A.B. asks: 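Okay, here's the structure, questions in a sec.
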Amino acid sequence: MSDVQHWLDRFDAVRQAGPFAYPRHHHHDGGQHDLHLVVGAVVHGDEYGSLPAVVQAVEALSRGERAFGGKVTFFLGNPEASLADRRFLEADLNRVFVEDPGDSHEGRRSALLRPILDAADVFLDLHQTILDTDRPFYIFPFGIAGWHWARAIAGATAWVTRAPDQSFSPGTCCADEYVRLRERVGMTLELGEKGFNDVAAERAATAIDRLLTLADEVGRDGAALERAAQAKPELEFVETRWRCTFDDPHMRLRDGLVNFQPVAQGEVLSAPSTPEITAPCDGFLLFPKYPGYQADGSAIEPRPGEIVRIVAPLAQHPLDLWDVSGS
Ligand SMILES: [Zn+2]
């Protein structure tokens, strides 16, 4: 039995159904306040490192070992892809939270998950990066409430952010974006390198625990949120400065690049004897991609849209940089 199957079996053994049709969720209603948290795991199937923390939180809540006065719904987005150790089976689930998601496994799944996201006041989506990262990080657009929650939970110290929902890719929508479009808080937390590891399990468990504790405080007193945020160190805000599009199938990164690796302007990022990729600015590398390559040196299709990006600290605090009046 795979480790994934083990955690799915444990989840299925204790989960309690809420008012949602999708079976792989657990719903808890503490009856003391109305704040509704939603925690997502394995929206990308092979990012299953949060499963132990999610299952253990569900076990603790359902056995009464963990108190929580509000509502919380945990869902497992794409466990079928987790069992196949794949990001998705037919379509990237985290792109299809749209009106007409299409008739794929993930399209049908998004239709089942949307009622859960519709109920969320605060949504935390737990992800992992393909490659190692020297730190966990949040990644979602800036907004006042999202900033307070992210800082107070302190699931990461870094936040890859951008102006409040400035750009939507037409026809696609991520789970956290779907929640923000409803003017609720939607956060994505990248826990570290994908797969089961103690670091991911620990980071996910800590984030979930703090989320529940904070939600109980906020559910009783809304002003508790800003106080809790200010009690934690400010987040380190970074933004994307450069995306290197994967224009040529022969493009290839040099070995050993990881997330948040510091990079200097002019540094060569490409492997020897491949089309040259040079960093146009200082910063940190994010999402370096190493697709499979064929004997002729070309990437196996479909290749990713971008091969690497560079992020760098914001020049000013987001509050001074962007109009956040609607966020
Ligand atoms: Zn992911």
Side-chain angles (χ1 to χ4, degrees), residues 4 7-8 24 38-54 74-98 101 104-107 109-110 113-114 116-117 120 123-141 146 150 153 155-156 158-162 168-169 172-180 186-197 199-201 203-204 207-208 238 240 243 246 258-260 285-291 302-309 311:
V4 169
W7 292 108
L8 295 182
R24 282 278 174 53
V38 173
V39 178
V42 296
V43 165
H44 288 137
D46 54 0
E47 300 169 12
Y48 39 70
S50 62
L51 276 181
V54 165
F74 294 84
F75 72 80
L76 310 185
N78 201 347
E80 298 83 0
S82 302
L83 287 166
D85 202 11
R86 290 168 58 183
R87 186 174 177 85
F88 55 81
L89 298 182
E90 296 181 281
D92 189 332
L93 176 59
N94 212 24
R95 300 289 180 274
V96 294
F97 288 92
V98 292
S104 61
H105 166 72
E106 283 81 8
R109 179 59 41 82
S110 76
L113 292 174
R114 280 167 54 193
I116 298 177
L117 298 176
F123 172 52
L124 178 65
D125 205 9
L126 299 169
H127 285 249
Q128 291 178 293
T129 50
I130 295 171
L131 296 172
D132 198 8
T133 175
D134 87 335
R135 70 197 76 176
F137 57 94
Y138 291 109
I139 181 164
F140 60 100
I153 297 163
W159 182 358
V160 178
T161 193
R162 57 187 188 273
F168 300 107
S169 321
T172 77
C173 188
C174 307
D176 65 343
E177 185 179 3
Y178 179 85
V179 172
R180 286 192 305 276
M187 304 180 281
T188 291
L189 176 59
E190 299 277 359
L191 297 162
E193 187 174 7
K194 71 180 181 183
F196 290 116
N197 56 72
V199 171
R203 284 174 179 160
I208 291 167
V238 302
T240 299
R243 294 169 196 267
F246 211 143
V258 296
N259 289 292
F260 271 94
L285 298 179
L286 199 67
F287 304 140
K289 305 273 188 354
Y290 293 91
R303 62 183 193 270
E306 58 181 57
I307 192 165
V308 67
R309 67 172 80 172
V311 297

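Numbering of ligands and ligand atoms starts at 1, following listing order. FYI, side chains are in, hydrogens and waters are out, and symmetry mates aren't considered; it's all heavy atoms of this structure. Just so we're clear, the structure is a prediction, and the values are computed from it rather than from any experiment.
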A.B. asks: As an exercise, state the distance from CZ of Phe196 to OG of Ser50, rounded to the nearest 0.5 Å.
C.D. replies: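 Between Phe196 CZ and Ser50 OG, I get 9.0 Å after rounding to 0.5 Å.
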A.B. asks: CZ/Arg114 to SG/Cys173 distance, rounded to the nearest 0.5 angstrom?
C.D. replies: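 The CZ atom of Arg114 sits 9.0 Å away from the SG atom of Cys173.
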A.B. asks: Within the stated cut-off of 2.8 Å, is an N/O/S atom of Glu190 closer than that to the Zn ion (ligand 1)?
C.D. replies: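 So Glu190 does not count as coordinating the Zn ion (ligand 1).
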A.B. asks: To the nearest 0.5 Å, how far apart are OH in Tyr138 and OG1 in Thr161?
C.D. replies: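 Taking OH in Tyr138 and OG1 in Thr161, the distance rounds to 12.0 Å.
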A.B. asks: Please state the angle at the Zn ion (ligand 1) spanned by ND1 of His127 and ND1 of His44: what is it, rounded to 10 degrees?
C.D. replies: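 Approximately 100° at the metal, rounded to tens of degrees.
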A.B. asks: Ile139 versus Asp176: any side-chain heavy-atom pair under 4.5 Å?
C.D. replies: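 No. Closest side-chain heavy atoms not under 4.5 Å.
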A.B. asks: Considering only N, O or S atoms, which atom of Glu47 is nearest to the Zn ion (ligand 1)?
C.D. replies: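 Of the nitrogen, oxygen and sulfur atoms in Glu47, the Zn ion (ligand 1) lies nearest to OE1.
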